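Numbering starts at 1 and runs along the sequence shown. As the structure is a computational prediction, the values presented were derived from the model and not from experiment.
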Amino acid sequence: MDYVGIDIGSTASKVVARGKNELHFTLPTGWNSKETAMVIEDRLREAGVDVRSDATKTIATGYGRVAVDFADYVVTEITCHARGGIEFAGKDCAIIDVGGQDTKVILVRQGMVQDFLMNDKCSAGTGKFLEIMANRLGITLQELFNIASQGDVLPISSLCTVFAESEIISYIGEGRKREDIAAGVVDSVAAKVAQMSLRRELPEKIMLTGGLSESTYFAKILSDKIGRKVENTSHGRYAGALGAAILAEEKSKRRAKKNEH
């Protein structure tokens, strides 16, 4: 059997396959989630995974989950990210997922979601904000982190992306150093994510997932803001897809056991 998890986010889509075939990949979501799902199906088939076969069970999650018409189950992001986060943490934890359009803080106790917080009303504390500001500075997201680590923080006081962008334009006009502006941008997002996270009592283990989890620099700044170590992993962006694949396997085996009786 193959068990597939597909996490179609607003910016990137992540895929994890477990079982007979083990693989993972990511691709841009683009403007049409249905087309993205078709591309994912083709790529999986090329790798030997037929999602239309009875020998494959698939769970779709994320912003575009309803567009995956070949999925056996559709499961919420919170549930899938929690399951993937447990796999990374190895025990109960808090999962901070900074995505393209939203930021989630998920508290997991005894293997179950106990509570969660979500910012999906404003982009100021998300990856989208960093992307917009990197574009304004004429650099990539990775370059933003690289130069931010060499700069001194310039304060960005606006809570709104539009006004914050105006502040950055003013800094550029004043001839401020690009690394100092970049440091201010990253600091601003980390402060908003930390503020949201500290609205709940956090457990000992805190995991950073989502696209920003690949940045050790962002994890360090976030740790400083929270006052506790926030762990990151190079595969953190796959938390939702991994959780979905694990849940597909668990659901499939439970159903098979039920049918035996």
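Thr29 and Thr36 share no side-chain donor-acceptor pair at under 3.5 Å. In summary, the side chains of Lys220 and Thr216 do not present any donor paired with an acceptor at a separation below 3.5 Å, with no hydrogens or angles considered. There is no side-chain donor-acceptor pair under 3.5 Å between Asp50 and Thr56.
Residue Gly5 comes nearest to Ala244 through the heavy atom pair CA-CB, 3.6 Å, listed as atom of the first residue, atom of the second, then distance.
In this structure a side-chain-to-backbone donor-acceptor pair under 3.5 Å is missing from Ser13 to Pro28. Between the side chain of Ser188 and the backbone N or O of Gly184 there is no donor-acceptor pair closer than 3.5 Å. Panel note: side chain Arg255, backbone Ser252; no donor-acceptor pair is recorded below 3.5 Å. Checked by atom type and distance alone, the side chain of Ser213 pairs as donor or acceptor with a backbone atom of Gly210 at under 3.5 Å. Here the side chain of Asp97 pairs no donor or acceptor atom with the backbone of His81 at under 3.5 angstrom.
Salt bridge Glu249/Lys57: absent, no basic N to carboxylate O contact under 4.0 Å. In this structure, Asp102 pairs ionically with Lys104, as a charged nitrogen and a carboxylate oxygen lie closer than 4.0 Å. Using a cutoff of 4.0 Å between basic side-chain nitrogens and carboxylate oxygens, Arg83 and Glu87 are scored as salt-bridged. Lys128 and Glu131 are joined by a salt bridge, as a carboxylate oxygen and a charged side-chain nitrogen come within less than 4.0 angstrom of each other. The pair Arg18-Asp2 does not count as a salt bridge, with every side-chain nitrogen at least 4.0 angstrom from each carboxylate oxygen. Salt-bridge annotation for Arg52 and Asp69: present, with a side-chain N of the basic residue lying under 4.0 Å from a carboxylate O of the acidic one.
The residue from Arg228, Glu231, Lys229 that alone fulfils the side chain to side chain contact (heavy atoms under 4.5 Å, CB included) condition with Ile206 is Arg228. If you run side chain to side chain contact (heavy atoms under 4.5 Å, CB included) between Lys14 and each of Thr26, Ile6, Ile40, only Thr26 comes through. Checking Asp180, Ile221, Asp187 one by one against Val153, the side chain to side chain contact (heavy atoms under 4.5 Å, CB included) holds for a single residue, Asp187.
Counting heavy atoms from C-beta on, the side chains of Asp72 and Ile59 never come closer than 4.5 Å. At a threshold of 4.5 Å between non-hydrogen side-chain atoms, the residues Thr103 and Met118 do not count as touching. With contacts defined as side-chain heavy-atom distances shorter than 4.5 Å, the pair Val186/Tyr217 qualifies. No side-chain heavy atom of Val16 sits under 4.5 Å from any side-chain heavy atom of Ile246. Counting heavy atoms from C-beta outward, Val4 and Val49 have side chains that approach closer than 4.5 Å. Looking at heavy atoms from C-beta onward, Ile95 lies out of side-chain contact with Val105 at the 4.5 angstrom threshold.
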TODO: Test Thr79 against Thr76 for side chain to side chain donor-acceptor pair (under 3.5 Å), laying out the working first.
DONE: CA-CA 6 Å; Thr79 302; Thr76 67; 3.1 Å; yes
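Using cut-offs of 30° and 60° on the angle between ring planes, the pair Phe145 and Phe218 is tilted.
Atoms CD1 and CD, from Ile86 and Gln110 in turn, are 11.0 Å apart once rounded to the nearest 0.5 Å. The CD1 atom of Ile106 sits 4.0 Å away from the CD1 atom of Ile78 when rounded to the nearest 0.5 Å.
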